[in-house]
Amino acid sequence: MADKVLKELRGAGKVFDYRGTGLLPANGGVIQPLIMVEHIPVVRNVAGTGDFHTLAGVLRAQGLSLQAATDREGNVALYNNLNRLCFQAKGANQVSCGVEHMHMTIAEEWTKQQLRAAAWLWQYAEHMFGIPLRVARITSGPGRVGVLRRGHTSHRRVATAAGFNDRVDPGPGYDWEYVRKAALFFKSHGHFVGV
């Protein structure tokens with residue numbers, strides 16, 4: 001399958017569009033995403049798009065899916081529209097879209113390019129579905145979460161709020177404030193050079 005480039009991101013990488021290709025089909029129909037969940041997939045980052053293809057195969061084999069991913073080069077993979085049901089955050093699937101950031105462990109360093117790719121997804125989620133550029137507030141519930149304030153959250157917070165307590169990603173190295181500032185910069189300038 002050829003990789004279709006949707007957009008080049010100055011100061012980051014490229015946006016690859018796999019939507020509608022069958023690479024990683026959604027698990028269900030249309031949802032209204034209230035939050036975006038940040039993950040790491042425990043898939044090794046590799047140069048190019050091989051990591052995006054590997055991730056898609058791993059998730060597909062488990063009956064899971066995902067809306068988007070990033071890698072350390074600053075590339076973005078769009079697997080599905082952000083408002084398609086994808087099993088990616090147990091307890092929050094019906095109210096969330098998710099992004100996997102290529103890392104094997106939470107201890108791996110984050111590149112500025114990867115954080116900028118995350119920032120592009122933040123501003124894209126705001127533009128397309130009104131998900132604000134801020135940290136979300138979620139509530140606890142047995143097996144699912146509620147949303148008090150729309151925004152972005154971690155897989156760890158979702159798993160803890162839903163009572164599963166089995167996730168730690170994306171980890172302490174994910175710079176929430178830098179991602180927010182880079183998203184605001186991109187909205188104003190259309191690129192990431194200088195942020």
Checklist entry - Under a 4.5 Å cut-off applied to non-hydrogen side-chain atoms, are Asn93 and Cys86 in contact? => result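 No, every pair of side-chain atoms sits at 4.5 Å or beyond.
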
Checklist entry - Tell me, do Met104 and Ile40 make a side-chain contact under 4.5 Å, heavy atoms counted? => result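 The answer is no, as the side chains (C-beta and beyond) never meet within the 4.5 Å cut-off.
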
About how many Å separate [atom2] of [Y] and [atom1] of [X], when rounded to the nearest 0.5 Å?
X: Arg19; Y: Thr21; atom1: CZ; atom2: OG1; result: 10.5 Å
X: Asn81; Y: Cys97; atom1: CG; atom2: SG; result: 11.0 Å
X: Asp71; Y: Asn45; atom1: CG; atom2: CG; result: 5.0 Å

Checklist entry - If you group Ile, Leu, Val, Met, Phe, Trp and Tyr by side-chain heavy-atom gaps below 4.5 Å, do Tyr79 and Val15 land in one group? => result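 Different clusters: Tyr79 never reaches Val15 through Ile, Leu, Val, Met, Phe, Trp or Tyr contacts under 4.5 Å.
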
Checklist entry - So if you build clusters from Ile, Leu, Val, Met, Phe, Trp, Tyr with side-chain heavy-atom gaps below 4.5 Å, do Val145 and Leu82 land together? => result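 Val145 does not cluster with Leu82.
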
Next on the checklist: Is a donor from one side chain sitting under 3.5 angstrom from an acceptor on the other, for Asp3 and His53?
Outcome noted: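 Asp3 vs His53: donor-acceptor pair found between side chains.
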
Item to check | Check: Asn80/Tyr18 side-chain N/O donor and acceptor closer than 3.5 Å | outcome: no

Taking every non-hydrogen atom, the tightest pair across [X] and [Y]:
X: Thr153; Y: Ala136; answer: CB-CB, 4.3 Å
X: Arg150; Y: Ile35; answer: CA-CG2, 4.4 Å
X: Val37; Y: Ser154; answer: CG1-C, 3.9 Å
X: Ala161; Y: Ile138; answer: CB-CD1, 3.9 Å

Checklist entry - Salt bridge or not for Lys187 and Glu126, using N-O below 4.0 Å? => result yes

Between [X] (side chain) and [Y] (backbone), is there a donor-acceptor pair under 3.5 Å?
X: Arg144; Y: Ala92; result: no
X: Glu108; Y: His103; result: no
X: Glu73; Y: Gly48; result: yes
X: His191; Y: Val193; result: yes

Checklist entry - For Asp166, what residues pass the side chain to side chain contact (heavy atoms under 4.5 Å, CB included) criterion, not counting sequence neighbours? => result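 Checked Asp166 against side chain to side chain contact (heavy atoms under 4.5 Å, CB included); matches are Lys90, Ala159, Phe164.
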
Next on the checklist: Would Arg72 and Glu109 count as a salt bridge (Lys or Arg N to Asp or Glu O under 4.0 Å) here? Give the steps.
Outcome noted: CA-CA 9 Å; Arg72 70 183 293 108; Glu109 256 184 70; 5.8 Å; no

Next on the checklist: Set out, in order, the CA-CA distance, both residues' side-chain angles and the distance that settles ring pair (Phe, Tyr, Trp, His ring centres under 6.0 Å) for Phe185 and Phe192, then state yes or no.
Outcome noted: CA-CA 7 Å; Phe185 187 92; Phe192 292 110; 7.5 Å; no

Please tabulate, for side-chain N and O atoms in residues 114-122, each donor-acceptor pair with protein atoms closer than 3.5 Å (sequence neighbours left out).
residue : atom : partner : partner atom : Å
Gln114  : NE2  : Thr70   : O            : 3.4
Gln114  : NE2  : Thr70   : OG1          : 3.1
Arg116  : NE   : Tyr178  : OH           : 3.0
Arg116  : NH1  : Gly11   : O            : 2.7
Arg116  : NH2  : Val195  : O            : 2.6
Trp122  : NE1  : Glu38   : OE2          : 3.0
Trp122  : NE1  : His152  : ND1          : 3.3
Trp122  : NE1  : Tyr174  : OH           : 3.3

Next on the checklist: Applying the side-chain hydrogen bond (donor to acceptor under 3.5 Å, both in side chains) criterion to His155, which one of Gln88, His39, Glu100 satisfies it?
Outcome noted: His39

